[in-house]
Amino acid sequence: MEPTLTTPAVDRRTVASLFSRLRTRKGQSNPRPLYSELRNLGDIVPSPWGGHLVTSYALCDEVMRSRTWRVPDTQWRTSQGNAARWNTPASLQTAKSLPMLNPPHHTRVRRSAGNMFDRNKLAEIEESIARNVEKVLDLFESKLLEGAADFNSLVADELPVRSIGEWLGLPSSDYSLLRSLTNDQTLSQEFFPSPSQLARADAAARGLQEYFTALVRERRETPGDDPVSSWIATWDTLEPDRERADAEAHSMAVFVIVAALETTEHLLSSMVRLLLEHPGQLERLRAHPEYIPHVVDETLRYDPAIHAISRTAPRDTVLGDTLVREGEMVQLMVGAAQHDPRQYPDPENFDVGRKPPHFGFGSGIHYCLGAPLARLEGKLLLTSMLKRIPRIRISEPPAWEPRVSFRRLNRLMVAAG
C-alpha cells in the first residue's frame, strides 16, 4: 500500500514570486533573506516549473549522497516536453558532461579520468599557479595605483583560465574566448532562462564544440604530454570506435574548462568580496593566516557558485514527508540549505574560523574532480594578497548578472584605503 503522505500546501505562485525577487539587483546582492523565506515555507515545497524544491541541509545531503537518485541526463532531457528548456544545444552539451552522467556510464567515464589532481600532480602545477598569482596581482596593484580597479576582471576571471589553460596546453591567445564561451554556456542551466539567454548559451555551446573538436583532432594527430592527449589514449583502450573515443575525450575537455572557469571565478571573487564586507573577519584572518583554508570552505558555504543542484527520482520515492514520482525533478536549493540553522550555528555570520561542511564541490559519486585545484588557487591567491596588497575597500556596489542557479558577479570595483 502506498504510504499516506502530506502534500505541500504552498501555492506555487508564492514560490514564483520569491524567485522573481531573487533575480532583482537587491536579491542578487543578498539572497539570504529570501532563502530564509523559502526555508520557512517548508523543507520541500512545490517548484513553480514543476517538481519540488528542497531547502533543508539534511534532505539535500540525503539526496546527494544517495546512489539511487539520478541526475537529469540526456535520456531524461530528451523525454521532456519543454524542448526550449531541455533540448537546446547547450542543455544537451551539458548532459554529456561528467556531472550529468548516471551509472554505469558515469562510473566508466570517471574511472577513465583518473585522479586528475592527486597530491603529486597538484605539486607539479602549484609552481605554475603561484607564478600566475603573482602576475595577475602585479597588474591589479598597478591599476590600484591609478584609482579603483575591477578585481573581478583583473584577478578572479584571469587566474582560473591561466591555471587550467596552461595545464591543458592551450594557447594564451584563446583564454579570452574560452572565458566568454564558458560564462555564456551556463546560462542554459538557469531556472527561467530568457530567449536571449538561451540563444547566448546555444551560441557558446557551438563555439565550445568547434573549439574542442579541433583540439581533439590536433592532439590525436600530434599527441603530447598533456591531459587531452592522455584522455584520447585512454579512450582508445576502452572504446574500439575511434569516433566515440574522440567524443568522450571532447566531452571531458568541455566539462573541465566549463567547471574550472565558471565556479572558480566565483569562488575567488566571492572570497575577497566577503572579506572586504566583513572587515573584522579580515583582520582576524591577518592575525591567523592558518585560517586561509577555512576561508575557502566558508566562502563555499556562505555563497557557493552553484545555488541549485538538480536530481530526478529513480522511482516513486518518499523524501521527507513528500512523495516524489518516478522521473520527477527536485531542485536542491543548496544556497538556502547551507544557511539552515539546524545544521550551522549562527549561519548568517561569515566566520573565517569555521570549518563547515558544504555542497560547494558537490557530494557523493558526483563530488568535484577539480576540488583540489580550486582549493589551491584560493589558498595561493589569498596568501599572496595578505602579504603584498595594501588595505583595500569596495568602492561601489558589486554588479551581478541576474541569475539564481549559477551565481555570476560581473564587476567588483575596489580601491586602496
Side-chain angles (χ1 to χ4, degrees), residues 25 28-29 125-167 170-184 257 260-283 285-286 289 292 295-296 299 303 305 350 352 373-403 406-417:
R25 181 177 302 175
Q28 285 293 297
S29 64
I125 62 176
E126 181 170 354
E127 183 179 345
S128 168
I129 297 174
R131 184 175 62 252
N132 281 315
V133 165
E134 300 310 313
K135 286 182 179 179
V136 297
L137 290 182
D138 284 345
L139 179 58
F140 178 60
E141 275 194 297
S142 69
K143 293 295 184 181
L144 280 176
L145 294 175
E146 301 171 6
D150 182 11
F151 178 85
N152 211 54
S153 63
L154 294 170
V155 181
D157 284 357
E158 190 68 22
L159 180 59
V161 74
R162 289 180 181 230
S163 300
I164 203 69
E166 289 187 4
W167 182 66
L170 306 178
S172 59
S173 57
D174 294 344
Y175 291 173
S176 178
L177 170 66
L178 291 170
R179 278 200 310 269
S180 175
L181 292 177
T182 56
N183 291 340
D184 283 353
I257 199 75
L261 299 194
E262 189 71 8
T263 54
T264 310
E265 288 167 8
H266 179 81
L267 167 63
L268 302 182
S269 62
S270 185
M271 180 176 68
V272 171
R273 173 181 61 84
L274 288 171
L275 286 170
L276 296 179
E277 289 177 346
H278 298 81
Q281 292 297 314
L282 178 55
E283 290 309 307
L285 182 62
R286 290 186 188 278
I292 286 175
V295 174
V296 173
T299 297
D303 187 10
F350 178 71
V352 298
L373 179 63
R375 289 185 187 280
L376 181 61
E377 290 182 61
K379 183 187 78 172
L380 293 177
L381 175 63
L382 198 50
T383 299
S384 184
M385 287 189 69
L386 289 176
K387 290 178 179 178
R388 61 177 287 183
I389 300 295
R391 297 184 185 277
I392 55 177
R393 58 181 173 78
I394 297 176
S395 59
E396 63 181 62
W400 296 89
E401 191 161 322
R403 299 189 183 195
F406 267 75
R407 293 274 275 167
R408 176 67 186 163
L409 186 62
N410 285 333
R411 188 174 64 255
L412 180 62
M413 298 300 295
V414 300

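Because only heavy atoms are used, hydrogens play no part in the values below, and waters and symmetry mates are left out as well, while side chains stay in. On a predicted model such as this, the values are computed, not experimentally measured, just so you know.
- With contacts defined as side-chain heavy-atom distances shorter than 4.5 Å, the pair Ile257/Leu181 does not qualify.
- Ring pair Phe140/Phe151 is perpendicular by interplanar angle, where above 60° counts as perpendicular and below 30° as parallel.
- Within the 4.5 Å cutoff, the side chain of Leu137 has heavy atoms near those of the Leu381 side chain.
- With a 4.5 Å cut-off on side-chain heavy atoms, Arg391 and Arg286 count as touching.
- With respect to Leu409, the side chain to side chain contact (heavy atoms under 4.5 Å, CB included) criterion is satisfied by exactly one of Asn152, Leu268, Asp157, Asp303: Asn152.
- With rounding to the nearest 0.5 Å, the separation of CZ in Phe350 from OG1 in Thr299 is 4.0 Å.
- Side-chain contact between Thr264 and Leu159 is absent, with no heavy atoms from C-beta onward closer than 4.5 Å.
- Looking at Arg179 and Glu158, their side chains come closer than 4.5 Å, going by heavy atoms from C-beta outward.
- To the nearest 0.5 Å, atoms CD (Glu141) and CD1 (Ile392) are separated by 10.0 Å.
- Nearest heavy-atom pair, Arg407 versus Glu262, reported as atom, atom and distance to 0.1 Å: O-OE2, 4.4 Å.
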Evaluation steps, side-chain contact (heavy atoms from CB on, under 4.5 Å), between Leu386 and Ile292: CA-CA 10 Å; Leu386 289 176; Ile292 286 175; 3.8 Å; yes

side-chain contact (heavy atoms from CB on, under 4.5 Å) assessment of Val133 paired with Thr383: CA-CA 10 Å; Val133 165; Thr383 299; over 6 Å; no

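- For the pair Glu377 and Leu267, the minimum side-chain heavy-atom distance is 4.5 Å or more.
- Remark: Leu154 CG to Leu139 CG distance equals 5.0 Å, nearest 0.5 Å.
- The shortest heavy-atom contact between Leu276 and Arg393 is CD1-C, 4.5 Å.
- Between Glu277 atom CD and Ser270 atom OG the span is 8.5 Å, to the nearest 0.5 Å.
- Under a 3.5 Å cut-off, the side chain of Glu396 and the backbone N or O of Met413 do not form any donor-acceptor pair.
- Residues Leu178 and Leu261 come closest through the heavy atom pair O-CD1, 4.0 Å.
- Atom OG of Ser163 sits about 11.0 Å away from atom CD of Glu126, to the nearest 0.5 Å.
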Stepwise side-chain hydrogen bond (donor to acceptor under 3.5 Å, both in side chains) check, Glu401 with Asn183: CA-CA 11 Å; Glu401 191 161 322; Asn183 291 340; over 6 Å; no

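- Remark: Arg388 engages Asp138 in a salt bridge, criterion side-chain N to carboxylate O under 4.0 Å.
- Put simply, the side chain of Leu274 does not reach to within 4.5 Å of the side chain of Val295, judged on heavy atoms.
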Just do the side-chain contact (heavy atoms from CB on, under 4.5 Å) check on Val161 and Leu170 with the steps written out, would you? CA-CA 10 Å; Val161 74; Leu170 306 178; over 6 Å; no

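- Of all heavy-atom pairs between Pro398 and Arg273, the closest is CG-CD, 4.0 Å.
- At least one side-chain heavy atom of Leu285 sits less than 4.5 Å from a side-chain heavy atom of Leu382.
- Ser384 contributes no side-chain N or O that, together with a main-chain N or O of Leu380, makes up a donor-acceptor pair within less than 3.5 Å.
- For the pair Leu144 and Ala415, the tightest heavy-atom approach, listed with the atom from each and the gap, is CD2-CA, 4.0 Å.
- For the pair Arg162 and Tyr175, the tightest heavy-atom approach, listed with the atom from each and the gap, is CA-CE1, 3.9 Å.
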